[in-house]
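Everything below concerns the one structure shown next.
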Amino acid sequence: MKDKIQNIFRFLGLEFSRFPRKITLSKRDAHFMQLLKEFKIDLILDVGAANGGYVEWVRSLGYNKRVISFEPLQVSFAELMEKANQDSLWEAANFALGETEENSMIHVAGNLDSSSLLPMLETHEKAAPHAKVTRQETIQKIRLDNFDNAWINEAKSVFLKMDVQGYEKQVLVGAENLLNRITGLQIEMSLVPLYAGQILFEEQLQRCKNLGYEIYYVRPGLADPATGRLLQLDGIFFKPSR
């Protein structure tokens, strides 16, 4: 598995080791924005939006088309909604996405961003003590397939970004009827188990390949500060035929 990951990183011009080579943020941003332009993305589905930081980032890069953000936590959604209300091309929805439609219990992390429908494992807590779960909250979960929205119906090239802390597989299952219209994916992928029941990098990579997506770029994510080991990365995928 390690050799496969190293080969992918080398192909993308990255160094995979316990202490990853630093890449300037501006260079990563330029690569990402070029991909959005290349595939003519006209709608981003921002799943696991937190307080809207991802949308603020893509706006700062020059993305000026439509975005729909999904965030289940009430405290985060309140801040998200305030920002979205100031942008006519940004909508916010107070839902979690998954494979079923029901009320669910989410584990709320101390930093909010690491909150998940899956229980957090000790590996994650050790690497990021500030993210330790502090409480639970009842939230509403829906399938993306059942989310009736004019922007989705009108979009020609959709980019699905998922930052759902181990729940990516379930989000994709709930979006299976829309995948023929989703050109690209951004998936937070774990190299080691951080949440109970999540699938890891190699399996997620194969699942995306089976759905017709190829990996185009990666962005390093969470690392263990004690060892320097990379624990998560964002995999960015596109359907090359589009």
Side-chain angles (χ1 to χ4, degrees), residues 36 41 43-61 63 65-120 124 128 130-152 155 158-175 178 182 184-190 194-195 198 219 221-222 232 234 236:
L36 294 185
I41 299 301
L43 174 65
I44 293 177
L45 300 178
D46 172 27
V47 183
N51 65 359
Y54 181 83
V55 179
E56 292 179 312
W57 174 63
V58 296
R59 287 286 191 246
S60 74
L61 300 183
Y63 178 80
K65 301 184 185 301
R66 293 170 170 176
V67 182
I68 304 174
S69 293
F70 297 85
E71 172 54 45
L73 291 180
Q74 292 301 323
V75 63
S76 298
F77 182 76
E79 189 174 349
L80 171 68
M81 192 67 186
E82 183 177 346
K83 295 176 181 178
N85 284 338
Q86 301 174 39
D87 185 333
S88 63
L89 296 178
W90 185 2
E91 290 188 0
N94 192 199
F95 301 112
L97 297 185
E99 78 289 16
T100 57
E101 304 235 342
E102 60 185 346
N103 289 335
S104 297
M105 194 70 70
I106 191 169
H107 306 278
V108 182
N111 66 349
L112 296 181
D113 291 346
S114 299
S115 302
S116 177
L117 287 162
L118 302 176
M120 184 181 293
H124 194 310
H130 62 290
K132 188 174 182 178
V133 172
T134 59
R135 60 185 177 86
Q136 294 185 324
E137 181 177 319
T138 301
I139 52 93
Q140 187 175 356
K141 182 174 65 174
I142 65 170
R143 288 174 59 93
L144 182 57
D145 282 343
N146 296 337
F147 183 67
D148 188 17
N149 181 276
W151 284 5
I152 294 177
V158 180
F159 186 75
L160 174 59
K161 166 262 182 183
M162 288 170 280
D163 186 358
V164 291
Q165 308 302 317
Y167 214 66
E168 299 81 13
K169 175 182 177 180
Q170 292 86 337
V171 173
L172 286 173
V173 169
L178 279 176
I182 294 175
L185 305 170
Q186 180 172 335
I187 306 179
E188 189 174 62
M189 307 166 76
S190 292
L194 299 175
Y195 296 91
Q198 74 174 128
R219 294 177 60 86
L222 176 67
Q232 285 181 326
D234 282 340
I236 297 170

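Note that these values count all heavy atoms, side chains included, but never hydrogens, waters or copies made by symmetry.
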* Consider only side-chain N and O atoms of Gln186 and Asp163, and report whether a donor and an acceptor are under 3.5 Å apart. => no
* To do: Look up atom OG in Ser69 and atom CE in Met81, then write down how far apart they are to the nearest 0.5 Å.
  => 10.5 Å
* To do: Verify side chain to side chain contact (heavy atoms under 4.5 Å, CB included) between His107 and Met120, making sure each step is shown before the conclusion.
  => CA-CA 8 Å; His107 306 278; Met120 184 181 293; over 6 Å; no
* Ile139 side, atom CD1; Phe95 side, atom CZ - distance, nearest 0.5 Å -> 10.5 Å
* Structure fact -> Closest heavy-atom pair, Lys161 versus Gly48, reported as atoms and distance to 0.1 Å, is NZ-O, 3.1 Å
* **Under 3.5 Å donor-acceptor, Asp145 side chain and Leu178 backbone** => yes
* Heavy-atom neighbours of Glu82 CD exceed 12 at 6.0 Å -> no
* Can Asp87 and Arg59 be said to form a side chain to side chain contact (heavy atoms under 4.5 Å, CB included), step by step? -> CA-CA 10 Å; Asp87 185 333; Arg59 287 286 191 246; 2.8 Å; yes
* Working to the nearest 0.5 Å, report the span between CG of Leu36 and CG of Leu61. => 8.0 Å
* Separation of Met162 CE from Glu168 CD (nearest 0.5 Å) -> 7.0 Å
* Least distance between heavy atoms, Arg143 atom then Glu99 atom -> NH1-O, 3.0 Å
* Asked: Taking the side chain as C-beta and beyond, is there a heavy-atom pair between Val108 and Leu73 under 4.5 Å?
  -> yes
* Asked: Heavy-atom distance under 4.5 Å between the side chains of Lys141 and Thr100, does that happen here?
  -> yes
* Side chains of Leu97 and Phe147: closer than 4.5 Å at any heavy-atom pair? -> no
* 4.5 Å side-chain heavy-atom contact, Glu188 and Leu222 -> no
* Taking all heavy atoms of Glu71 and all of Phe77, pick out the closest pair and write down the distance. => O-CD1, 3.7 Å
* Mind checking whether Ile152 and Leu43 have side chains closer than 4.5 Å, heavy atoms only? -> yes
* Gap separating the CG atom of Asn94 from the OG atom of Ser76, nearest 0.5 angstrom -> 10.0 Å
* Does Gln198 reach the main-chain N or O of Leu118 with its side chain, forming a donor-acceptor pair under 3.5 Å? -> no
* Any side-chain heavy-atom pair of Lys83 and Val55 under 4.5 Å -> no
* Min side-chain heavy-atom separation Lys65-Phe159 under 4.5 Å -> no
* Structure fact -> Between Gly52 and Leu80 the two heavy atoms that sit nearest each other are CA-CD1, 3.7 Å
* Hey, what do you get for CD (Gln165) to NE2 (His124), rounding to the nearest 0.5 Å? -> 5.5 Å
* Asked: Taking only residues two or more places apart in sequence, or in another chain, which ones meet Glu101 in a salt bridge (charged side-chain N to carboxylate O under 4.0 Å, His left out)?
  -> none
* Asked: Which heavy atom of Val67 sits nearest a heavy atom of Trp151, and at what distance?
  -> O-CZ3, 3.4 Å
* Structure fact -> Taking every heavy atom of Tyr54 against every heavy atom of Asp46, the minimum-distance pair comes out as CD2-OD1, 3.9 Å
